[in-house]
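In what follows, chains carry the letters A, B, and so on, assigned in the order in which the sequence lines appear, proteins first and then strands, with residues in each chain numbered from 1.
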2 protein chains.
Amino acid sequence: MPPVEVAERIGRANTSLTPAERRVAEVVLERPQLVAFGTVADLAEAASSGAATVVRLAGKLGYDGFTGLQASVQHSLASQLRPAAERIREPAATDAIGRHLQFELDNVSTTLRALEAVALADVVAHLAAPKCRVHVLSGDASNGVARQMVGDLLALRDDVHLLDGNDVAVRRKVSQLRSSDVLVTIDLRRYDRWVIETARSARAGGVWCVAITDSLLSPLAALADRTLTVAAASGGPFDSHVGTLALSNVLVAGVADRLRLQATDRLDRAESAWQSTSSLMDR
Amino acid sequence: MPPVEVAERIGRANTSLTPAERRVAEVVLERPQLVAFGTVADLAEAASSGAATVVRLAGKLGYDGFTGLQASVQHSLASQLRPAAERIREPAATDAIGRHLQFELDNVSTTLRALEAVALADVVAHLAAPKCRVHVLSGDASNGVARQMVGDLLALRDDVHLLDGNDVAVRRKVSQLRSSDVLVTIDLRRYDRWVIETARSARAGGVWCVAITDSLLSPLAALADRTLTVAAASGGPFDSHVGTLALSNVLVAGVADRLRLQATDRLDRAESAWQSTSSLMDR
DNA sequence: TCTCGACTGGAAGATTCGTTCCAACTATAG
DNA sequence: CTATAGTTGGAACGAATCTTCCAGTCGAGA
């Protein structure tokens with residue numbers, strides 16, 4: 001939602017900006033109103049820089065001083081104002097992007113609204129249980145989201161595993177499950193047979209199962225101890241897993257909240273490891 | 001569309017306005033941007049009145065001079081500028097789920113609104129190019145989303161690869177890139193150094209690069225041919241990649257649209273393979 | 001360690017802007 | 001026709017803002 005004109009120029013000047021100028025540029029992108037309505041001093045304060053730096057940035061971007069930059073932002077904002085009011089009356093989304101936007105907003109909204117607090121708390125409690133092992137099982141279509149969940153949970157606790165690989169490997173892993181383990185199964189309509197069967201055999205072994213699926217009528221829901229439903233409507237050829245990922249984020253945040261002490265310790269250790277190898281960069 | 005605050009006051013003072021003041025008030029209602037962005041002189045000229053009349057009107061409306069009137073209009077305009085339409089419906093943001101809901105809705109909304117049609121078309125064209133190979137490179141935190149994208153694209157076309165594994169493997173793969181290839185790099189702030197360096201060396205080899213990142217000021221944006229920005233605000237400990245996934249879905253849908261014939265053929269073959277092994281179930 | 005260059009923010013100067021004052025103008029009542 | 005109250009816009013004043021200049025600071029390289 002930042003103005004296109006200035007965003008374009010900032011992107012072009014990206015490499016030639018000094019640190020202080022970069023701070024100002026970030027504020028310009030993130031808070032355009034401050035540029036449109038505010039003054040040089042306001043921007044400078046928000047960016048923790050001097051007024052001169054603000055003016056220099058404007059010049060570097062090709063504008064005629066801060067006045068030129070401000071005029072550009074005002075123009076962009078004004079053009080965003082009219083259509084905004086008119087689009088509200090007209091919910092019809094003609095363009096492809098707008099159609100996707102509606103689908104995805106609806107997926108997120110439907111998925112999270114359907115999530116009940118008690119169900120969430122129950123699942124989180126199991127995922128945060130200290131001595132259990134967590135296994136994530138996913139249909140092929142949602143494999144990436146499942147990996148995302150595993151990765152996030154691994155940053156918070158040990159013993160989180162994705163059940164994948166070939167059929168033999170999965171069967172071997174499932175045979176090793178303990179009754180104290182937790183299984184998260186993610187699969188939507190057009191269910192993968194092997195996923196269902198794997199989940200069923202795990203359940204038969206006494207593993208506590210939570211299903212993340214598209215309907216309470218799903219075969220997954222039939223064998224799970226808890227079922228969380230997701231919306232996956234899409235404007236494209238495949239199901240959208242945006243709602244699923246949003247749900248995963250809520251679960252992960254819940255686990256992080258429960259494991260605050262251990263998790264922060266874990267994160268700190270990871271952080272210091274990154275620091276020592278300087279494998280992360282801020283800019 | 002006119003700001004409620006001033007409209008209210010103008011309506012209240014309706015009868016006590018002089019002719020010239022009335023002309024100014026009309027302009028204020030019909031062209032609020034002129035008040036928000038302009039000066040006393042601008043308003044006076046638009047209303048064919050003197051500057052003093054403008055100031056007098058502001059005082060009559062109960063504002064502290066023109067400055068007060070302008071501040072009021074700016075405030076109203078700024079509130080109309082945000083995607084407040086979705087937030088207002090939400091009753092409150094007290095519970096954890098509601099907070100996540102707001103974050104994720106905003107991520108999706110901001111990300112897809114920032115997507116320009118021409119940029120989308122350009123990226124889709126490259127991703128759908130017949131003879132090129134597509135490589136996806138991702139930071140650790142967005143690994144799952146990257147895999148999701150690779151999986152979806154693989155359902156539509158050949159030669160889509162995720163650049164991962166150990167450092168040596170990645171370097172080997174990068175060294176094999178051709179100038180006709182396409183590289184999709186996904187990484188957000190706290191950029192993984194190896195991702196940036198890998199992308200840079202690929203770019204040096206003439207590979208067409210698209211960056212999916214959180215800001216135009218990202219180091220990725222500096223070296224990419226195209227940059228798509230995503231919003232990743234989160235109520236949890238980690239960045240949310242919901243917006244990124246939504247963007248990926250739009251890209252995938254675009255590619256599917258371009259490759260309709262080949263893609264449907266591909267999907268049909270996959271479908272029949274599933275059918276023959278009955279590896280998918282409807283219920 | 002020293003030098004040179006780039007970067008940065010404070011301060012002065014120039015400009016614009018908001019406010020106020022007041023003379024000119026208009027309309028209405030006597 | 002005249003006088004008075006109300007209205008209006010130009011002009012001056014003071015405040016705020018933008019711009020420019022410059023000395024201090026930091027870091028890289030010799």
Should we count [atom1] of [X] as having more than 12 external heavy atoms under 6.0 Å?
{"X": "B/Asp122", "atom1": "CG", "answer": "yes"}
{"X": "A/Glu26", "atom1": "CD", "answer": "yes"}
{"X": "B/Asp64", "atom1": "CG", "answer": "no"}

Could I get the full list of side chain to side chain contact (heavy atoms under 4.5 Å, CB included) partners for [X], not counting sequence neighbours?
{"X": "A/Ala46", "answer": "A/Val27, A/Arg31, A/Leu34"}
{"X": "A/Ala36", "answer": "A/Val73, A/Gln74, A/Leu77, B/Phe37"}
{"X": "B/Glu116", "answer": "A/Val4, B/Val118, B/Ala119"}

Show which side-chain atoms of residues 200-212 of chain B pair as donor or acceptor with protein atoms under 3.5 Å away, not counting sequence neighbours.
from	atom 1	to	atom 2	distance (Å)
B/Ser201	OG	B/Thr198	O	3.0
B/Arg203	NE	B/Leu223	O	3.3
B/Arg203	NE	B/Asp225	OD2	3.3
B/Arg203	NH2	B/Asp225	OD1	3.0
B/Trp208	NE1	B/His126	NE2	3.4

Measure the distance from [atom1] on [X] to [atom2] on [N] and round it to the nearest whole Å.
{"X": "B/Tyr63", "N": "C/dT19", "atom1": "OH", "atom2": "P", "answer": "14 Å"}
{"X": "B/Leu57", "N": "D/dG9", "atom1": "CG", "atom2": "P", "answer": "13 Å"}
{"X": "A/Asp64", "N": "D/dC18", "atom1": "CG", "atom2": "P", "answer": "13 Å"}

With a 4.0 Å heavy-atom cut-off, tell me which residues in residues 66-76 of chain A come close to DNA chain C, sorted by residue number.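 Of all residues in residues 66-76 of chain A, none places a heavy atom under 4.0 Å from DNA chain C.
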Taking only N and O in the side chain of A/Thr53, is any of them less than 4.0 Å away from OP1 or OP2 of C/dG9?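 Looking at the OP1 and OP2 atoms of C/dG9, one of them is under 4.0 Å from a side-chain N or O of A/Thr53.
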Mind running side chain to side chain donor-acceptor pair (under 3.5 Å) on B/Asn107 and B/Glu104 for me, showing each step along the way? CA-CA 5 Å; B/Asn107 286 335; B/Glu104 303 295 16; 3.1 Å; yes
What are the residues of residues 17-24 of chain B, sorted by number, that bring a heavy atom to within less than 4.0 Å of DNA chain D?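 Contacting residues: B/Thr18, B/Pro19, B/Ala20, B/Arg23.
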For DNA chain D, find the residues of residues 35-47 of chain A with a heavy-atom distance under 4.0 Å and give them by number; none if there aren't any.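 Within residues 35-47 of chain A, the residues near DNA chain D are A/Thr39, A/Val40.
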Going from CZ on B/Arg56 to OG1 on B/Thr53, what distance comes out if it is rounded to the nearest 0.5 angstrom?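 Answer rounded to 0.5 Å: 4.5 Å.
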For B/His100, what residues pass the ring pair (Phe, Tyr, Trp, His ring centres under 6.0 Å) criterion, not counting sequence neighbours?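 In terms of ring pair (Phe, Tyr, Trp, His ring centres under 6.0 Å), with neighbours along the sequence ignored, B/His100 is linked to no residue.
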Residues that B/Arg12 engages under salt bridge (charged side-chain N to carboxylate O under 4.0 Å, His left out), provided they are two or more places apart: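 Listed in chain order: B/Glu8.
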List for me each residue that meets salt bridge (charged side-chain N to carboxylate O under 4.0 Å, His left out) alongside A/Glu271, sequence neighbours excluded, and say none if there are none.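 In terms of salt bridge (charged side-chain N to carboxylate O under 4.0 Å, His left out), with neighbours along the sequence ignored, A/Glu271 is linked to B/Arg190.
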Where do N or O atoms of nucleotides 21-29 of chain D meet protein N or O atoms at under 3.5 Å, pair by pair?
none

Which side-chain hydrogen bond (donor to acceptor under 3.5 Å, both in side chains) pairs, counting each pair once, include a residue from residues 13-25 of chain B, with sequence neighbours left out?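 Qualifying pairs, neighbours excluded: B/Asn14-B/Arg22, B/Thr18-B/Glu21, B/Glu21-B/Lys60.
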